There are 2 protein chains.
Amino acid sequence: MKNIEIDEELYQHIVSHTQSIGESASSILRRLLSLTNGENVKKDVKIDIDKDDIETKQYVVEEPQENPAQKTKIENVFNFINKEELSMQRGAVGRFLLILAAIYRVHKQNFSAVNEISGRDRLYFANSAEELSESGSSTKPRQIPNSPFWVITNSNTTRKKMMLTKVAVAMGYNEIEVEKIRELL
Amino acid sequence: MKNIEIDEELYQHIVSHTQSIGESASSILRRLLSLTNGENVKKDVKIDIDKDDIETKQYVVEEPQENPAQKTKIENVFNFINKEELSMQRGAVGRFLLILAAIYRVHKQNFSAVNEISGRDRLYFANSAEELSESGSSTKPRQIPNSPFWVITNSNTTRKKMMLTKVAVAMGYNEIEVEKIRELL
DNA sequence: GATTCGATCGGAGGGATAGTTA
DNA sequence: TCTAACTATCCCTCCGATCGAA
């Protein structure tokens, strides 16, 4: 649980959308932000069970699709990638960030695994610009759009591709899928 | 100010939509909940003007009266403008081109009127990079995306806004609409 | 003078490649 | 020592504020 500070007016706005006695701020906000059930369910049981159980639960809750577990996965990533937008970027950095943002959207839950990916002495990913700046010089940290994650940007395109590869692998993609992702850069 | 307690996941969701360094929870939430006005607006102009002026400004800028012809026109332009895409551009040039591209899409027929818009000795618009290059030095011509038109790009932001204004006027927009367009930059 | 306009030039971003380290 | 992996310097391009010109 986290505490955040909001202004009076916003508070009243949230309160006014209460739909049941004793409803929590999280619950109201989730409804207002359309972040309903799916994620709720996982959250609600976290208190009682351990990590592994949660994973199991998730699979139950998530799409019970047949075979194409991988197929839907890659399609999801590409659903969040606007080819037009990608090709519009003036350099590899823009594309890099867009691809990472797409992967983040699809893998919010375990995206933090990217924090394990790093170079010999520089960090590659972190949750703040500072951490990255401190791990090397001129690392040029950039925030992955709409995510709390940051990446290092000072590297050649080859290394950016390697980084993408590692991220894709960490998210569980297979060789072919990884190749597709890396080719987007 | 009020404090509310929310779950970890919801917290991450909110954080991930931060759009500026040090942005407050209220500000992010207001954006996500489309509660634009209120404190946000006031904040943005606080530096320059006093409270009374703010109130006035707000009322003026709000509500674009219902005048069917104008309404549909402005809606058309905005249909072709992806706010996300705009805010993603790293500089004014990117936004400038995107806005012009949107106007072009809506006003293909008489867009060539922009060729009349020019500076003291430089051309501002033309149908080729060469024409623009020849009319001045380091004019940095860029093609308006998905159009046969080119614009000069070497100018300060103020001038780019003026150029947008002239284009909007040439396309027949009224004062309020022009202001909305120029504010996109 | 006052104002508008042009384009130079300082600054930031991008990323290949020279240099460093294991 | 040689090589592979990694870092970050440094050159190039883009941006656009600023200041000189008209």
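Below, chain A is the first sequence line, B the second, and so on; all start at residue 1. Since we're looking at a predicted model, the values are computed, not measured.
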Looking across every strand, which nucleic acid part, if any, lies under 4.0 Å from [X] by heavy atom: base, sugar-phosphate, or nothing?
X: A:Arg95; result: nothing
X: B:Met162; result: sugar-phosphate
X: B:Tyr124; result: sugar-phosphate

Between B:Glu131 and B:Ser128, is a side chain to side chain donor-acceptor pair (under 3.5 Å) present by the stated rule, with each step listed? CA-CA 6 Å; B:Glu131 285 177 78; B:Ser128 72; 3.2 Å; yes

Would you kindly give the [atom1]-to-[atom2] distance between [X] and [N], to the nearest whole Å?
X: B:Met163; N: D:dG16; atom1: CE; atom2: C1'; value: 13 Å
X: A:Ile117; N: D:dA5; atom1: CD1; atom2: P; value: 17 Å
X: B:Arg142; N: D:dC15; atom1: CZ; atom2: C1'; value: 10 Å
X: A:Arg159; N: D:dA8; atom1: CZ; atom2: C1'; value: 12 Å
X: A:Lys160; N: D:dA8; atom1: NZ; atom2: C1'; value: 12 Å
X: A:Leu132; N: D:dT7; atom1: CG; atom2: C1'; value: 15 Å
X: A:Asn154; N: D:dC11; atom1: CG; atom2: P; value: 15 Å
X: B:Asn156; N: D:dA21; atom1: CG; atom2: C1'; value: 15 Å

Do the side chains of A:Glu9 and B:Arg30 get close enough for a salt bridge, i.e. N-O under 4.0 angstrom? yes

Would A:Arg31 and A:Glu23 pass as an ion pair if we require N to O under 4.0 Å? yes

Looking at B:Ser147, is its backbone amide N or carbonyl O close enough to the side chain of B:Gln143 to form a donor-acceptor pair, meaning the two atoms are under 3.5 Å apart? yes

Which nucleotide span of DNA chain C, 5' end to 3' end, has atoms closer than 4.0 Å to non-hydrogen atoms of chain A? C:dG14 to C:dA22

Is there a side-chain contact (heavy atoms from CB on, under 4.5 Å) between A:Met163 and A:Phe96 once you walk through the steps? CA-CA 10 Å; A:Met163 289 164 73; A:Phe96 187 55; 3.9 Å; yes

May I have the step-by-step check of side-chain contact (heavy atoms from CB on, under 4.5 Å) for B:Asn146 and B:Arg105, ending in yes or no? CA-CA 8 Å; B:Asn146 301 318; B:Arg105 290 193 64 172; 5.9 Å; no

Select from B:Arg120 and A:Arg122 the residue whose nearest nucleotide in DNA chain D is closer to the 5' end of that strand. A:Arg122

Between D:dT7, D:dG16, D:dT9, which nucleotide gets closest to the side-chain atoms of B:Thr157? D:dG16

Show, in sequence, the C-alpha distance, side-chain angles and deciding distance for B:Thr139 and B:Thr153, and conclude whether the side-chain contact (heavy atoms from CB on, under 4.5 Å) test is met. CA-CA 6 Å; B:Thr139 54; B:Thr153 262; over 6 Å; no

As a check on the pairing definition, encode DNA chain C in dot-bracket form, counting Watson-Crick and G-U wobble pairs whose two distances are under 3.5 Å, and using | for partners outside this strand. ..||||||||||||||||||||

Would the B:Phe111 and B:Phe149 ring centres measure less than 6.0 Å apart? yes

Let me see the working for A:Ser155 and A:Arg122 under side-chain contact (heavy atoms from CB on, under 4.5 Å), right down to the final yes or no. CA-CA 11 Å; A:Ser155 73; A:Arg122 304 195 286 190; 4.3 Å; yes

Same cluster or not: A:Met162 versus A:Ile144, using hydrophobic residues (I, L, V, M, F, W, Y) connected whenever any side-chain heavy atoms lie under 4.5 Å apart? no

Is the distance from OP1 or OP2 of D:dC15 to the nearest side-chain N or O of B:Arg90 less than 4.0 Å? no

Contact under 4.0 Å: B:Ser155 side-chain N or O vs D:dG16 OP1/OP2: no

